[in-house]
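I have placed the structure first, in the form of structure tokens, so that the comments after it can refer back to it.
Numbers for residues simply follow the sequence, beginning at 1.
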Amino acid sequence: MLDKQLLLEIEAYINNHLSLLKLDDAIELYAPNESIYIDLKETELENFIKTKRKPTFTQVLFQFIDQNEISDSQVYKKAGMDRRHFSKIRSNSNYHPKKNTAIALALALELTQAETDELLSAAGYSLSDSETTDLIIQFCLEKKMYDIDIVNQALEYFSEKPLI
């Protein structure tokens, strides 16, 4: 008579090998078709990305800095940022800012509403007509109020969080 422990080990062995056999069969049956499908989809996806990709936030930001002929230090000081944070943005082409950081940089560069929208869009953001903070920012842009301290005071007056 077989010992209970040995029976459990045999059962585990059988289950383990059966599942491996089923997995091997599944791979043989589906692998050729799936790999062709995946190759086609990857190529299609890569082409889509190549044709649709727009400049990164960092690229757009430094394009505006160059256009406005303003130094990096002037920008980060006006935006209320420290040098290390700005250096991180400059050195990382895939840097993804918080929305408030992007807005502060737009104000520091004294961008128009359209330019601000372009910069925010590069970071994946937009100014909404249903958010109080965004409406205050839009108002300040329309009135060419670029001083971050004044913008923050306006935000605080309406009990909104300051930018920086």
Crowded around K78 NZ? As in, over 12 foreign heavy atoms under 6.0 Å?
-> yes
Residues M81, V75; criterion side-chain contact (heavy atoms from CB on, under 4.5 Å); working and verdict = CA-CA 9 Å; M81 299 173 66; V75 173; over 6 Å; no
Does the distance from a Lys or Arg side-chain N to an Asp or Glu carboxylate O, for D72 and K77, drop under 4.0 Å?
-> no
Transitively linked via ILVMFWY side-chain contacts under 4.5 Å: Y157 with I103?
-> yes
Take T133 and K99 through the side-chain contact (heavy atoms from CB on, under 4.5 Å) test and state the conclusion after the steps.
-> CA-CA 11 Å; T133 296; K99 185 175 179 180; over 6 Å; no
Report whether L135 and L120 are members of the same hydrophobic cluster (ILVMFWY, side-chain heavy atoms less than 4.5 Å apart, transitive linking).
-> no
Indicate, with yes or no, if the rings of F62 and Y95 have centres closer together than 6.0 Å.
-> no
Roughly how far, to the nearest 0.5 Å, is CD1 of I70 from CD1 of I65?
-> 7.5 Å
Do I150 and F158 belong together in a cluster built from hydrophobic side chains that touch within less than 4.5 Å?
-> no
From E118 CD over to K54 NZ, what is the distance, rounded to the nearest 0.5 angstrom?
-> 9.0 Å
Any chance you could measure L107, atom CG, to I137, atom CD1, to the nearest 0.5 Å?
-> 5.5 Å
Excluding sequence neighbours, so at least two apart, what forms side-chain hydrogen bond (donor to acceptor under 3.5 Å, both in side chains) with T132?
-> none
Value for CD (Q138) from CD (E131), rounded to nearest 0.5 Å, stands at 11.0 Å
Rounded to the nearest 0.5 Å, the OG atom of S121 sits from the CZ atom of F57 at a distance of 11.5 Å
Please check if any side-chain donor atom of T58 sits under 3.5 Å from a side-chain acceptor atom of T56, or the reverse.
-> no
Side-chain donor-acceptor pair present, Q74, S71, cut-off under 3.5 Å = yes
Single-linkage hydrophobic cluster L111~M145, side-chain heavy atoms < 4.5 angstrom | no
Using 4.0 Å as the upper bound for N to carboxylate O, is an ion pair formed by K161 and E156?
-> no
Connected via hydrophobic side-chain network under 4.5 Å: Y125 and L119 | yes
